[in-house]
Protein chains: 2
Amino acid sequence: MTPGRLLPVIPQPAVQDCCTPLRASVLGASDAAELARRFAALADPVRLRLLSLLATSADGAVCACDLVEPVGKSQPTVSHHLRILREAGLVTSERRGSNIWYAAVPAALESLRTALGAPDA
Amino acid sequence: MTPGRLLPVIPQPAVQDCCTPLRASVLGASDAAELARRFAALADPVRLRLLSLLATSADGAVCACDLVEPVGKSQPTVSHHLRILREAGLVTSERRGSNIWYAAVPAALESLRTALGAPDA
DNA sequence: GCTCGATATTGATACATGTCGATATGTGGC
DNA sequence: GCCACATATCGACATGTATCAATATCGAGC
């Protein structure tokens, strides 16, 4: 379990926003593949709950040890899902002592919102 | 192929927006499952291109016969993907003579945008 | 350096999904 | 009713994915 609270900030990676909005112009094959890859990371209830846990945490980051119990899956399964979220750029991780802390990447969520957005938005 | 242009409007179904935004409160298990189901519909490049074709069409609707060639998949495969988009509420279809026309459902896209949105948005 | 706790990786299994060819269903015109 | 065309469904196959138990790896403290 988590000891006291630590420094909140995890450096946010640069998010290269991909792909013009769906409604702005017809998606090319490679843009579609990249967007699909990112949405696939959101297409699992466990990952959505993990992301939600991170995005709503007061500190902005949560110890991996505190993510296992809330989602009710085994530790390897949670680690697997965190890896997929990380590879999709939706979360970042940082080692703090013997623990690893995860944080959501708001810019990545914004990027996906943009892809779903109105053509003139 | 499509003859001339027809009446543009396809009646839009009511969209029940699901699930509080990810960043507003921790997602419950059932909300997470429902959201995951909707994002899964977007987690395929063929479906994203189909949706983009529909969302950018000048008439607001496209004959199914005009969706096969652009995505470069077989007719049954396109039909399969259109069904998934329809069941996710992202597109609507309407019979016009011997053809079936599809249209995007903007409100459904907005609903997903909201789920990805900022807590106070 | 060893041990312990935390996280990641591996291997195995069950299940879902994308794809196509073949076929069914449905519509309009003759 | 029959034929041609458009769309959907079916069956089969290959591939991907979620899950867990077991194991490996990595840090910290002694």
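Here is how names work: the chains are called A, B, and so on, in the same order as the sequence lines, proteins then strands, and each is numbered from 1. Since this is a predicted model, take the numbers as computed values, not measurements.
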### Message
Measuring only between side-chain heavy atoms, which start at C-beta, is A:Leu53 closer than 4.5 Å to A:Pro70?
### Response
yes

### Task
Please give the angle, rounded to 10 degrees, between the axes at the start and the end of the helix from C:dG1-D:dC30 to C:dC30-D:dG1, where five pairs define each axis.
20°

### Task
Search all heavy atoms of B:Ala108 against all heavy atoms of B:Gly89 and return the closest pair with its distance.
CB-O, 3.3 Å

### Task
Nearest whole angstrom, please: distance from the P of D:dT7 to the CZ of B:Arg86.
13 Å

### Query
C:dT7 phosphate, OP1 or OP2: any side-chain N/O from A:Arg83 under 4.0 angstrom?
no

### Query
Is any NZ, NE, NH1 or NH2 atom of the basic residue among B:Arg23 and A:Glu110 found under 4.0 Å from an Asp or Glu carboxylate oxygen of the other?
yes

### Task
Check every strand shown and say whether B:Leu67 touches a base, only sugar-phosphate, or nothing at a heavy-atom separation below 4.0 Å.
nothing

### Query
B:Leu42 versus B:Leu51: any side-chain heavy-atom pair under 4.5 Å?
yes

### Task
Report the distance from atom CG of B:Leu82 to atom C1' of C:dT17, rounded to the nearest whole Å.
16 Å

### Query
Looking at B:Tyr102, does any N or O in its side chain come under 4.0 Å of the phosphate oxygens OP1/OP2 on D:dA6?
no

#### Entry: 4.5 Å side-chain heavy-atom contact, B:Leu54 and B:Leu85
no

#### Entry: Nucleic acid footprint by protein, nucleotides 19-30 of chain C - heavy-atom cut-off 4.0 Å, B for base, S for sugar-phosphate alone
BBBB---SSS--

### Message
Nearest heavy atom decides the nucleotide; on that basis, is B:Ser79 or A:Arg47 closer to the 5' end of DNA chain D?
### Response
B:Ser79

### Task
Please state how far atom CD in B:Glu87 lies from atom P in D:dT9, giving the value in whole angstrom units.
9 Å

#### Entry: Distance-minimising heavy-atom pair for A:Cys63 and A:Trp101
N-CE3, 3.4 Å

### Message
Can you tell me if A:Asn99 touches the phosphate of D:dG27, counting only side-chain N or O atoms and a distance under 4.0 Å to OP1 or OP2?
### Response
no

#### Entry: Rounded distance in Å - CZ (B:Phe39) to P (C:dA16)
22 Å

### Query
For the residue pair A:Ser93 and A:Arg86, what are the closest heavy atoms and their distance?
OG-CD, 3.5 Å

### Query
Does the B:Arg49 side chain pair with the main chain of A:Leu27, one donor and one acceptor, at a distance under 3.5 Å?
yes

### Task
With B:Leu50 as reference, evaluate B:Ile84, B:Val71, B:Leu90 under the side-chain contact (heavy atoms from CB on, under 4.5 Å) test and give the passing residue.
B:Val71

#### Entry: Rounded distance in Å - CD1 (A:Ile100) to C1' (C:dG5)
13 Å

